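Computed from a predicted structure; not experimentally measured. Residue indices begin at 1 and follow the sequence shown.
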Amino acid sequence: MKTLIAGDTAPLFELQNQNEQTISLKECLAKGPVLVYFYPKASTPGCTVQACGLRDSITELNELNITVLGISPDPVKKLARFAEKQALNFSLLSDEDHAIADAFGVWGEKKFMGKVYDGIHRLSFLVTEDGKVSHLFNKFKTKEHHEVVLNHLKQS
């Protein structure tokens, strides 16, 4: 697993969101920086806390001209249920074959309760309009993710 770092070019992608719309990173970048955050599984406790923190911070993120895109290997229908249940106000993208997770270097071996399996590592990338990763968020607790992101943006 070779994770992208600041200065790397982010892979462009088009994925379906929870509303079955095709979302293009290139089109999003035309409007400003994008927070691409990867999470393991919709409707699990940690992923819900993380998503709700971003939901509750969306006004502040919008004022900073940031588009939020959440990516997981969940199917579109599961993302739709998750977004509706949590009243999420940003796009959740389905990467069922984990091709985009692979391209960003967030798909790899994980260990949980003695089991070893492949899955998404919870990492976030701030991608600037030029398509470059300007920051990798890799040190945060799920409940503080939105605060870590906002603090970084305000200091930049």
Side-chain angles (χ1 to χ4, degrees), residues 1-18 22-55 57-58 61 64-76 78-79 82-83 88 90-156:
M1 188 173 100
K2 184 179 179 327
T3 304
L4 296 182
I5 58 170
D8 288 344
T9 300
L12 296 178
F13 58 80
E14 290 186 353
L15 292 171
Q16 295 286 300
N17 74 359
Q18 70 267 30
T22 299
I23 303 297
S24 155
L25 179 58
K26 186 176 182 179
E27 287 177 19
C28 291
L29 289 172
K31 301 171 198 161
V34 177
L35 176 69
V36 179
Y37 90 94
F38 289 89
Y39 63 99
K41 194 171 183 181
S43 298
T44 56
C47 296
T48 299
V49 167
Q50 185 178 15
C52 290
L54 289 166
R55 174 199 66 200
S57 302
I58 203 72
L61 289 162
L64 295 165
N65 203 32
I66 302 296
T67 299
V68 175
L69 300 176
I71 301 178
S72 77
D74 295 304
V76 169
K78 185 170 184 183
L79 297 178
F82 182 43
L88 300 180
F90 53 87
S91 283
L92 300 176
L93 307 179
S94 175
D95 184 26
E96 285 189 80
D97 63 1
H98 59 83
I100 305 310
D102 278 330
F104 274 80
V106 301
W107 184 267
E109 188 176 282
K110 297 178 76 171
K111 294 177 183 168
F112 183 69
M113 296 179 67
K115 292 186 179 178
V116 178
Y117 62 97
D118 284 340
I120 283 190
H121 290 254
R122 192 185 303 274
L123 298 170
S124 300
F125 302 84
L126 185 61
V127 182
T128 52
E129 296 92 331
D130 63 359
K132 301 279 188 197
V133 174
S134 69
H135 193 76
L136 166 64
F137 298 95
N138 58 358
K139 291 184 169 69
F140 58 85
K141 291 183 168 66
T142 54
K143 67 182 178 184
E144 298 166 353
H145 177 246
H146 62 288
E147 294 167 357
V148 169
V149 170
L150 285 168
N151 287 340
H152 172 78
L153 291 167
K154 289 174 185 174
Q155 291 172 0
S156 299

Please report, to 0.1 Å, the donor-acceptor pairs under 3.5 Å made by any side chain of residues 131-139, with sequence neighbours excluded.
unit_1: K132; atom_1: NZ; unit_2: T9; atom_2: OG1; d: 2.9
unit_1: S134; atom_1: OG; unit_2: L126; atom_2: O; d: 3.4

Under 3.5 Å, side-chain donor or acceptor atoms of residues 141-151 against the rest of the protein: list the pairs with distances, not counting sequence neighbours.
unit_1: H145; atom_1: ND1; unit_2: Q50; atom_2: NE2; d: 3.3
unit_1: H145; atom_1: NE2; unit_2: S124; atom_2: OG; d: 2.7
unit_1: N151; atom_1: ND2; unit_2: E147; atom_2: O; d: 3.2

Name each donor-acceptor pair under 3.5 Å that joins a side chain in residues 37-49 to protein atoms two or more places apart or in another chain, with its distance.
unit_1: Y39; atom_1: OH; unit_2: S72; atom_2: OG; d: 3.4
unit_1: T44; atom_1: OG1; unit_2: K41; atom_2: O; d: 2.8
unit_1: T48; atom_1: OG1; unit_2: T44; atom_2: O; d: 2.8

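Between the Q18 side chain and the L92 main chain, a donor and an acceptor come within less than 3.5 Å of each other.
Contact between L29 and V127 at its shortest, heavy atoms only, is CD2-O, 3.6 Å. Annotation for L25 and P11: closest pair CD2-O, 3.5 Å, computed over non-hydrogen atoms. Listed here is the closest heavy atom pair of L93 and F13: CD1-CE1, 3.6 Å. What you find for F90 and L54 is that their closest heavy atoms are CE2-CB, 3.9 Å. Closest non-hydrogen pair, P73 versus I120, comes out as CD-CD1, 3.4 Å.
Taking N65 as the reference, P33 meet the side chain to side chain contact (heavy atoms under 4.5 Å, CB included) condition, with sequence neighbours excluded. Partners of K111 by side chain to side chain contact (heavy atoms under 4.5 Å, CB included), not counting sequence neighbours, listed by chain and number: E109, V116. Among residues two or more places apart in sequence or in another chain, the side chain to side chain contact (heavy atoms under 4.5 Å, CB included) test is passed with A99 by D95, D97. Partners of K26 according to the side chain to side chain contact (heavy atoms under 4.5 Å, CB included) rule, which considers only residues two or more places apart in sequence or in another chain, are L12, S24. Here T128 pairs with D130 under the side chain to side chain donor-acceptor pair (under 3.5 Å) rule; sequence neighbours left out. Here S57 pairs with nothing under the side chain to side chain donor-acceptor pair (under 3.5 Å) rule; sequence neighbours left out.
At least one side-chain heavy atom of F125 sits less than 4.5 Å from a side-chain heavy atom of V106.
Here T67 contributes atom OG1 and I23 contributes atom CD1; the two are 9.5 Å apart, rounded to the nearest 0.5 Å. With values rounded to the nearest 0.5 angstrom, K110 atom NZ is found 7.0 Å from R122 atom CZ.
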Could you walk me through whether L123 and L4 satisfy the side-chain contact (heavy atoms from CB on, under 4.5 Å) test, starting with their C-alpha distance in whole Å, then the side-chain angles of each, then the deciding distance to 0.1 Å, before giving a yes or no?
CA-CA 10 Å; L123 298 170; L4 296 182; over 6 Å; no
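The 12-atom threshold is not exceeded at CZ of F112, counting heavy atoms of other residues, nucleotides or ligands nearer than 6.0 Å.
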